[in-house]
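Contents: one structure, followed by commentary.
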Amino acid sequence: MKRFLAVALLSTALIGGAAFAQSTQPADRAAPAATAHPAEAKMAFKGNWRASKLMGLNVYNEANEKLGDINELLVDKSGKINAVVIGIGGFLGMGEHDIAVSMDKLKFVEEPVRTSSSASSTTSRDTTTGAASTNATSRNANDWVPDHAVMSGNKEQLKAIPQFKYSDYN
């Protein structure tokens, strides 16, 4: 019995060692394939935005008043974005008025919203160091997402648009 057990353990170790040796690759052979493609793929899609990052993006009007945020992107079977669902008003999703607008109604901006208080502080910072504008530009170019969207109108005008409903139940 002890011999049978010893032979079984020895054969298991030999078979397991051979199988383990077949599945491993040297690090120098695997590394070039992994590093060659990401740089090419990133360059091929430069200038595109990630749809997941557009969700929740703030929407402002021309007067830099926040109107709401993007809740959904409605895509057809070919992948074209047909409409953008924007939640107007509300607080933490309660009382929000969803509207659907075509993509051409939005203008996407890649620099932060300028308000009267932030404009004066930003200009003084830019003139003293000069680093604030270059850091914001390089950050936005690599984020794959715009900073915000701009749409014409105000909250009252947009709430007058018929509410978008996903189904008859909401």
Side-chain angles (χ1 to χ4, degrees), residues 25 29-123 125-126 129-170:
Q25 290 183 359
R29 245 194 296 166
T35 58
H37 296 293
E40 293 171 9
K42 186 173 181 180
M43 292 306 294
F45 295 108
K46 188 174 184 177
N48 289 295
W49 293 325
R50 295 170 56 185
S52 61
K53 298 289 186 179
L54 292 177
M55 306 294 286
L57 194 70
N58 291 330
V59 179
Y60 293 86
N61 62 12
E62 292 87 0
N64 290 334
E65 299 169 336
K66 184 177 176 187
L67 300 173
D69 56 359
I70 296 176
N71 288 341
E72 289 287 342
L73 301 173
L74 302 178
V75 182
D76 68 8
K77 291 179 182 180
S78 70
K80 179 183 173 235
I81 298 175
N82 283 335
V84 178
V85 178
I86 301 172
I88 305 297
F91 180 71
L92 298 175
M94 300 297 293
E96 199 171 56
H97 180 80
D98 287 340
I99 61 169
V101 297
S102 62
M103 193 71 158
D104 62 345
K105 300 286 185 201
L106 295 173
K107 175 186 168 197
F108 291 95
V109 181
E110 294 188 11
E111 48 190 53
V113 176
R114 300 281 183 181
T115 60
S116 59
S117 61
S118 68
S120 61
S121 64
T122 306
T123 54
R125 198 174 21 177
D126 287 345
T129 63
S133 61
T134 56
N135 288 343
T137 304
S138 64
R139 181 189 61 81
N140 287 337
N142 295 324
D143 277 352
W144 291 62
V145 63
D147 184 74
H148 65 280
V150 176
M151 181 178 171
S152 63
N154 59 32
K155 283 186 182 182
E156 290 76 33
Q157 292 170 333
L158 297 178
K159 282 186 177 182
I161 295 175
Q163 184 168 3
F164 173 78
K165 295 189 178 210
Y166 294 98
S167 68
D168 292 335
Y169 300 108
N170 72 342

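When all heavy atoms of L106 and A149 are compared, the pair lying nearest together is CD2-CB, 4.3 Å. Nearest heavy atoms, E111 versus H148: O-CE1, 3.1 Å.
Proximity of N61 to L67: side-chain heavy atoms (C-beta onward) are separated by under 4.5 Å at one or more points. The shortest side-chain heavy-atom distance between L54 and P146 falls under the 4.5 Å cut-off. Residues M55 and L73 meet the side-chain proximity criterion, which asks for heavy atoms closer than 4.5 Å. Looking only at side-chain heavy atoms (C-beta outward), L57 and F108 come within less than 4.5 Å of each other.
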Please output the side-chain donor-acceptor pairs of residues 150-163 that fall under 3.5 Å, not counting sequence neighbours, one pair per line with the distance.
residue: N154; atom: OD1; partner: E156; partner atom: N; Å: 3.2
residue: N154; atom: OD1; partner: Q157; partner atom: N; Å: 2.8
residue: Q157; atom: OE1; partner: N154; partner atom: N; Å: 3.0

Run the side-chain donor-acceptor check on residues 75-91: report pairs under 3.5 Å with partners two or more places apart or on a different chain.
residue: D76; atom: OD1; partner: S78; partner atom: N; Å: 3.1
residue: D76; atom: OD1; partner: S78; partner atom: OG; Å: 2.8
residue: D76; atom: OD1; partner: G79; partner atom: N; Å: 3.1
residue: D76; atom: OD1; partner: K80; partner atom: N; Å: 2.9
residue: D76; atom: OD2; partner: S78; partner atom: OG; Å: 3.4

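With sequence neighbours excluded, no residue satisfies side chain to side chain donor-acceptor pair (under 3.5 Å) with E72.
The CG atom of N71 lies 5.5 Å from the OH atom of Y166; values are rounded to the nearest 0.5 Å.
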